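Since the model is a prediction, treat every value here as computed from it, not as a measurement. In what follows, every heavy atom counts, from backbone to side chain, and hydrogens, waters and symmetry copies are set aside. In what follows, chains are A, B, ... by sequence order, proteins preceding strands, each numbered from 1.
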Amino acid sequence: MAIREDQNRFRDIVKGRVKEDLRKYVSNGEMIGKREDEFVKIPLPRIDIPNFRYGPKQSGGVGQGEGQPGQDVGDPGEGGQGQAGEAPGEHMVEVELSMEELAEILGEKLQLPRIEPKGHKNIDSLKTKFTGIAPVGPEGLRHFKSSYKSALKRQIGSGTYNAEEPLVLPIRRDMKYKSFKKVNQPQTQAVIIYMMDVSGSMGEEQKEIVRLESFWINTWLKKHYKGLETRFIIHDAAAKEVDEDTFFRTSESGGTLISSAYKLCQEIIQADYPTNEWNIYPFHFSDGDNWSGEDTRLCVKMLQEFFLPNCNVFGYGQVESKYGSGQFLKDLQKEFGEDERITLSQIESRDKILDSIKDFLGKGR
Amino acid sequence: MANLTPELEAERKRICQIAKDAGLDCFETIFELITYDQISQFAAYGGFPVRYPHWKFGMEYEHLSKSYEYGLSKIYEMVINTDPCYAYLMEGNAMMDQKLVMAHVYGHCDFFKNNIWFSKTNRKMMDQMANHATRIRRYMDRYGQDTVENFIDVCLSLENLIDRYSPYVEKSVTKSQPPPQEKNYLLKVEREYMRDYINPPAFVEEQKLKAQQEAQEKAQRFPREPEKDVLNFFIHHAPLADWQVDVLTIIRDEAYYFSPQGMTKTMNEGWASYWHSKLMTTKILNDSEIIDFADHHAGTMAMAPNGYNPYKVGIELFRDIEERWNKGQFGREFEECDDVKERKHWDKKLGLGRDKIFEVRKVCNDVTFIDQFLTEDFCVRNKLFVYKFNKKTQKFEVDKSNFKAIKSQLLFHMTNFGQPIIRIEDANFENRGELLLNHLHEGIDMQPDFMSETLKNVYKLWNRPVNIATIMDETPQLFRFDGKEYTQHKLTAEGPTPNPSTEESSG
């Protein structure tokens, strides 16, 4: 199909393989949308062909509703009003997506295996999950909306519905009930500890990548663990624990001692997360520069002795920066090779994020 | 050609007849049942099965197919303005949806055929699009894909610079110019012997010379009148290779083909929605489908506080017009009636509604539609308001709900598709063959970064320094790109003057 050629061409431009001049018009959109509000947008890169146009914030539009002057109406979204499309008539129906559904999609898309919580001591708890509508059931679970809907359908169908006097009376066979089944909900606890190098060589773009990765990792793990905790550690030559906001904002200059972060991480785990009860997921992101080979050897030792035996999986993501990438990834690859307990991922750019998620979560641990 | 299932074909026949009986007058309409992947492809191509190769179609396709895959959005109907009309149904949709789409499509087809703003469109555009694709592929083979695609990028950057009304204006081959009139600069002389005192010969001579010069200058002005069809001007006057002229012509032809769809978006969607709603609820649906229909219909008509829904405003306006003309709520007597109660119950039982809406769908475009038929009552009833961007809070906020503001906001957005109006003012600016564009500023500045990039693309066509006069930050300014540097100059209070002497005299 010819459209595939066009599509490949578009992707090539986005990836910068052809037409450098158009790269500057690539807008990645809001990859996540509103993170706090639970709803997200799927990443859809777009290239804007420049044209003479009005500044978006300059003009307004016409809306509908019970509005008082000064009331916030939200963002009019792409182009807002007045971008009378030249395309033929299309109905676009927007559907909101919950994090749960998003995780499903992610799982299907990347063919991620289900995570198997470690340990056999963990007790699964039975949970009732409402799965649909059934014609029989206890009165307490009557589904009012469906019942009335089918009553209305019946009345219209049989011609007994009177629009002047809209009285809808469900009879026995209109009744609908919520149906449920019992599902096993692993009651296990999990913690993710994010570590990030914030030394000078990690720029805004690198941190944005880490932010996006951690978002997807959270989304995926939340699907599997009911109580998911997250902790954040930043480090340059020294490490400290911070809150999430600080984690993504801080940038420091100076050297890098990766072992400082690993030490702090180990302390946190030992203090708060007994390793026989908790599923533990440390993730570390850096550009791969470490102060010395000696420090790297120290890190390897800690991984071997503490992290790998005690954690579900240890993730290391190396984010390439414009200053190039360091040795650390190679060192770990050499040391651990195909070890199931550690996942290594090289993230060259935003486009590689999904591949990298697959690296991290594809082992189902 | 059509590949409908027997069941769908039976429904199609029935709905087609129902539409006909209701007074709709369509070209033959061919429905095809296709997969969502094909729908995405055709939609990316603007409804056509074949377009010239370009990455922007790939981008549209990726967006449509991805957002469908992720459950974010779904295209329900697509129909193209050709004779016969082609429309697409999606495989696997529920029967109720298919019927809804068919009824809606017949509304569009009637509109395409009868609305005068479509009267100049090429009804064989399917062939023309294929022809364009062949030509552009041929150029790509000869000059390389990158070269041709880069040039298309430039053309697309300027594709909105057309004169949307020009297809409807009959232009004579030679513009008849009024004969140059001798300007009467002589004062009236009552007494013959005073003549030389009142109009001294030297002064008279001087004025004559000046007038001649002015006339000459005007004759040399190029273009004579400011030109809105910038693309056409470039086709004839820019230093382009033959293949480039052809590519630019293709882009321009397609822009003009799609232009009426933009000019009538609200009406066209309103008309189709009016008919699908009417026909579905009175003739087509069976009892068990009514709820799903209502659900779907309500979804399409939803209007958010921050967005304008052409379907909603369009259908409500058509219904409003029908009701008003049925009851005789128009004309001087009604307008001048101040009694609220009397106005509300005004019903002369004229029954002119049906005829009126058919007339409106024939002669109006969105601008005239809103201008003539949007009433204050309508705005109040539909709770319309204007929102604006508040610089302090960095948010879009409800601004006003008065009728005048709503109407002018709507009209502003519909005029020229809510895009700035740009004209070629002078193609021999500064007497150096430079190009001067003029933005007719209507209170809203252009987006600066897009403006500079677009101006650079204008340069790629004109190949000489290019300028644009506009107002930015409340100051008349001239922006210029000379091939290397992008510069910004303040203009004098008189605004941009294409007269080459301006700078010398003011500076």
Peer 1: Which residues pass the side chain to side chain contact (heavy atoms under 4.5 Å, CB included) test with B:N365, sequence neighbours left out?
Peer 2: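 Partners of B:N365 under the side chain to side chain contact (heavy atoms under 4.5 Å, CB included) test: B:W117, B:Y165, B:M263, B:T264, B:V367, B:T368.
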Peer 1: List the residues meeting salt bridge (charged side-chain N to carboxylate O under 4.0 Å, His left out) with B:D399, not counting sequence neighbours, and say none if there are none.
Peer 2: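 Listed in chain order: B:K388.
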Peer 1: Check the pair B:F42, B:Y61 against ring-ring contact (aromatic ring centres under 6.0 Å, His included), reporting the backbone distance first and the verdict last.
Peer 2: CA-CA 8 Å; B:F42 289 6; B:Y61 172 75; over 10 Å; no
Peer 1: Taking 4.5 Å as the heavy-atom cut-off, does anything in residues 142-158 of chain A contact chain B, and if so which residues?
Peer 2: A:K149, A:L152, A:K153, A:I156, A:G157
Peer 1: Test of understanding: with ring-ring contact (aromatic ring centres under 6.0 Å, His included), list the residues that count as partners of A:F10, not counting sequence neighbours.
Peer 2: none
Peer 1: Given a strict heavy-atom distance threshold of 4.5 Å, which part of B:S288 is in contact with chain A: side chain, backbone, both, or neither?
Peer 2: backbone
Peer 1: Checking B:K456 against chain A: side chain, backbone, both or neither under 4.5 Å from a heavy atom?
Peer 2: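 Neither part.
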Peer 1: So which part of B:I422 gets closer than 4.5 Å to some heavy atom of chain A, the side chain, the backbone, both or neither?
Peer 2: side chain
Peer 1: What part of B:E289 lies closer than 4.5 angstrom to a heavy atom of chain A: side chain, backbone, both or neither?
Peer 2: neither
Peer 1: Where on B:D295 is there a heavy atom nearer than 4.5 Å to chain A: the side chain, the backbone, both, or neither?
Peer 2: neither
Peer 1: By a 4.5 Å heavy-atom criterion (distance strictly below it), what part of B:Y257 contacts chain A: side chain, backbone, both, or neither?
Peer 2: neither
Peer 1: Let's test your reading of the structure: which of B:N150, B:V50, B:L158 forms the most heavy-atom pairs below 4.5 Å with chain A?
Peer 2: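 The answer is B:N150.
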